[in-house]
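Here's the structure, in structure tokens; my notes come after.
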Amino acid sequence: MTILKVEGVTKSFEGLMAVNKVGFQIEEGELSSIIGCNGAGKTTLFDLLTGRLRLDAGRVLLKEEEISGLLPYQICRKGVGRSFQRTNIFPRLSTFDNVHVAIISWQREDGNMFHRSEKLLREETNEILESVELQNERHLMAGLLSHGDQRRLEVGIALGTHPNILLLDEPTAGMSPGESRKTVELIQRLGRERGLTILFIEHDMNVVFGISEKIRVMHQGRIIADGEPEKVRANEEVQKVYLAEEV
Amino acid sequence: MSIQSKVFTKRGWWNWSGTWLLVVLAFLIVLPFLIKSGSLSSVIEMMIMSVAACGLNLMIGYSGMVNFGPAGLYAFGAYTTALLLVNTNMPFWFAMIAGPVMTAIAGIIIGWFCIRLTHIYFALLTLAFSQLIYTIVYKWYGFTGGDTGIVGIRVPDLLAPLNHYYYFTLVITFVSIGLMWIVVHSPFGKVVQAFRENPERTESIGVDIKRCRLKVFVLQSFFLGAAGSLYCGFNHNVFANYAHWLKGTEFILSCLLGGIYNFFGPIVGAAVYIFLEQLVISYTEYWPFILGIIIILLVMFLEGGLAGFISEKFHIIRMRYDDTQG
Amino acid sequence: MPIETLIRQTMSGLSMGMVIFMIAVGLCLIFGTVRVLNMAHGSMYMVGAFLCYWFNNVLFQHFTGSFWVVAIVAPLLVALVGLAVEMLLFRHIYSRDMIYQLILTFGVVLLIGDLCKIIWGVEYHLVSYPRFLDGAVNFLGITFPTYNIFLIITGVLVFVGLWVLMQHTRVGRIIRAITYDRDMVNALGVNVRRTYTVIFVLSCWLAGLGGVLTAPINVITLGIDAEILIECFIIVVIGGLGSMAGAFVGSIIFGLVNSFGILIAPRLAIGFSFLLMAFILIIRPWGLMGKPE
């Protein structure tokens with residue numbers, strides 16, 4: 001079943017066309033990626049999909065329901081989770097609390113003023129922490145975690161909202177090869193175990209070609225290739241524009 | 001996955017901090033028998049100020065929104081109670097409840113406008129509304145008594161003696177602070193703190209942050225109004241300067257002095273502020289100068305406030321911000 | 001309303017506006033660059049006014065023409081005070097939370113306020129007009145106080161001077177660049193910290209100048225710091241935090257609203273200003289000429 005349909009999405013900033021009539025579809029359970037040079041419009045696309053930016057034109061459909069034009073929190077509640085390119089956590093809350101807050105929001109307990117928060121939804125939070133392998137750090141203040149741990153916490157927070165589709169923006173950014181590998185395994189495991197649809201932005205070609213079922217290449221706001229890894233690798237325009245020095 | 005909503009049980013509270021609470025409560029209960037009425041007056045003022053400061057800290061410390069005009073809301077509560085007691089035959093308890101409730105309603109309206117803004121613009125709008133309230137109170141002589149205020153407010157005979165009003169204030173203060181404790185430690189409280197840490201991320205995890213902010217604003221208004229009503233009953237008068245922004249800085253200073261990232265900070269700060277003020281005023285007329293120096297020392301050297309300082313050095317008042325029982 | 005009153009109130013509003021522009025523009029500059037709302041700005045104004053009184057009426061009583069000496073010396077002294085405050089206190093808090101910045105500037109307000117009380121007491125003081133600006137001119141059958149015209153001219157000169165500074169000097173270009181992108185300017189190797197100090201001292205100088213020049217037409221006493229501060233807040237909100245042209249326009253609007261407001265409903269005049277401030281913040285928070293953030 002198609003879980004996400006993106007049709008003709010366009011966004012420009014003061015004349016500069018950041019995203020230009022982008023369209024693609026994502027099937028349920030798919031593990032796919034978006035690649036492109038810096039400035040190609042990838043993060044802007046994510047911003048548009050999650051409601052952080054308003055579309056100039058086009059539509060976004062989540063399970064046949066239009067979500068373009070909704071506010072970010074509404075889109076999240078419909079089942080879209082997202083992690084950010086620059087680590088976007090709650091620095092002075094503990095690691096546990098970082099995920100706990102997402103779980104609280106997922107269960108719509110964010111208006112609950114009367115129960116003791118510590119007692120609520122503890123198992124669910126620990127479960128996510130174990131998934132991202134941060135259960136030992138759960139009492140640490142999130143701002144003090146190492147970069148790699150913070151990136152995993154980033155994913156953990158997004159998982160806490162129990163999305164149907166998870167958008168990961170450069171999950172391995174700034175990581176050592178070892179940490180990258182661990183994160184990649186994590187992503188694959190999440191896809192398998194939870195049946196999550198995952199779409200990620202990446203620059204590390206090993207990661208991209210290693211685990212993606214489908215790859216979309218963006219260049220100057222447009223999608224210039226969309227398909228299985230081998231097909232994309234063989235695409236001439238992609239080779240010219242992006243992969244010249246790679247692989 | 002089941003949701004395990006454990007209802008708040010008294011037993012969960014019974015740890016060392018519960019013992020401290022009892023000690024403090026016992027001390028406060030016997031206090032009138034230990035000190036003179038002049039000092040008892042000061043303690044009542046400290047309690048009222050701590051309700052206001054704690055309420056304000058829901059905004060400043062917990063949600064990171066700087067309300068630069070708490071005085072307007074405080075005066076709103078005080079004047080609501082005063083006007084009801086003077087112009088109508090409503091019973092005292094009704095006027096006392098009407099104060100915070102009406103202020104909360106005012107908070108809904110004022111808050112609705114303010115939460116659309118952030119940072120300095122938010123602070124300036126809260127200041128503008130506070131000064132508007134001040135102008136209305138100051139100028140509307142026919143209704144609010146203008147700059148002469150309202151004097152001679154009736155209090156039931158039961159509460160007329162200072163000792164009795166002390167216990168009345170003690171109960172209300174405990175209940176208010178207790179309610180704030182519950183809110184701060186609830187899931188809502190955690191979401192509010194997440195908002196302070198990262199508003200954008202909070203929104204992206206599915207929280208309606210506008211509504212969240214409005215709830216905090218209304219809560220704060222309620223408790224500021226409650227403090228105002230309490231003071232009205234204590235002082236038997238209300239004056240326009242209750243709404244002046246300088247009064248508001250007293251509340252803000254109490255929060256900062258005690259430490260905004262600690263639940264008990266505003267309480268400690270309120271007590272210390274009033275204590276220092278009364279001490280210094282008895283020696284010199286230059287209290288603003290001394291206060292200025294205190295502020296400078298506080299900001300430059302004591303960022304966590306007094307409670308933060310004590311908490312670091314002696315680990316007595318622990319900051320209950322994260323789950324350390326997991 | 002007779003045309004005479006209309007013109008007179010307009011002139012009165014304009015001169016009030018010009019004067020307050022001189023004071024408000026400093027606040028505006030600081031906010032545009034350092035992003036701190038300096039509550040002590042009103043205190044600098046008050047110190048300028050008190051210094052004017054002190055030199056004029058006490059120290060140089062018998063020295064005619066002293067007003068002009070004061071007009072030069074007093075703002076420089078105020079600028080020195082500002083330098084001390086910036087170097088000792090403010091420069092350490094640029095990276096702190098807004099609440100701490102606001103409250104530190106408030107602490108300085110209390111300090112300076114009480115120092116003025118210690119030095120000059122609580123009485124009201126008056127300063128007389130400098131001799132050849134005393135009196136009135138007759139224009140189209142309407143009389144205007146000469147001093148008001150002087151203030152209008154001075155205000156325009158200050159605006160022009162600042163505009164030239166901003167557009168045609170290196171310092172001005174740096175200041176404008178900082179308003180747009182502070183980090184970039186830092187990365188370009190410019191000593192941003194020193195520029196902050198320059199901006200701060202300049203704004204204190206302007207506030208002091210405003211204090212001296214308004215001394216003859218206002219009462220000099222404690223409390224004028226808070227009064228002028230609120231008025232400056234209103235103006236920078238209307239004009240747009242960080243925009244000099246906005247401060248100019250905002251000051252004129254403020255002056256006119258006040259001047260005509262007093263005619264219509266004198267008791268509520270100051271209330272109008274807060275209403276205007278709230279209105280602008282709700283409708284268009286970045287003011288008439290500021291940039292939306």
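Here the structure is a predicted model, which means the values were calculated and not measured.
- Using a 4.5 Å cut-off between heavy atoms, A:E154 touches chain B through backbone and side chain atoms alike.
- The candidate with the highest count of non-hydrogen atom pairs below 4.5 Å against chain B, out of A:D110, A:N98, A:T125, is A:D110.
- At a threshold of 4.5 Å between non-hydrogen side-chain atoms, the residues A:L190 and A:L159 count as touching.
- At a threshold of 4.0 Å, the pair A:E28-A:K63 does not count as salt-bridged, since none of the basic side-chain nitrogens sits closer than that to a carboxylate oxygen.
- Between A:R151 and A:D169, none of the side-chain N atoms (NZ, or NE/NH1/NH2) sits under 4.0 Å from a carboxylate O, so this pair counts as no salt bridge.
- Under the 4.0 Å criterion applied to side-chain N and carboxylate O atoms, A:E30 and A:R216 are assigned as salt-bridge partners.
- Each of A:V80, A:T50, A:I157, A:N88 has some count of heavy-atom pairs under 4.5 Å with chain B, and the biggest count is that of A:N88.
- Across all non-hydrogen atoms, the minimal contact from B:S221 to B:G107 is OG-CA, 3.4 Å.
- At a 4.5 Å heavy-atom cutoff, A:R108 makes no contact with chain B through either its backbone or its side chain.
- For chain B, no part of A:A142 is nearby; none of its heavy atoms comes within less than 4.5 Å.
- Your options are A:G51, A:A158, A:P91, and the one with the most heavy-atom pairs under 4.5 Å with chain B is A:P91.
- Just one of B:K215, B:M59, B:M180 meets the side chain to side chain contact (heavy atoms under 4.5 Å, CB included) condition when paired with B:Q220; it is B:M59.
- Residue B:L179 does not touch chain A at all, counting heavy-atom pairs closer than 4.5 Å.
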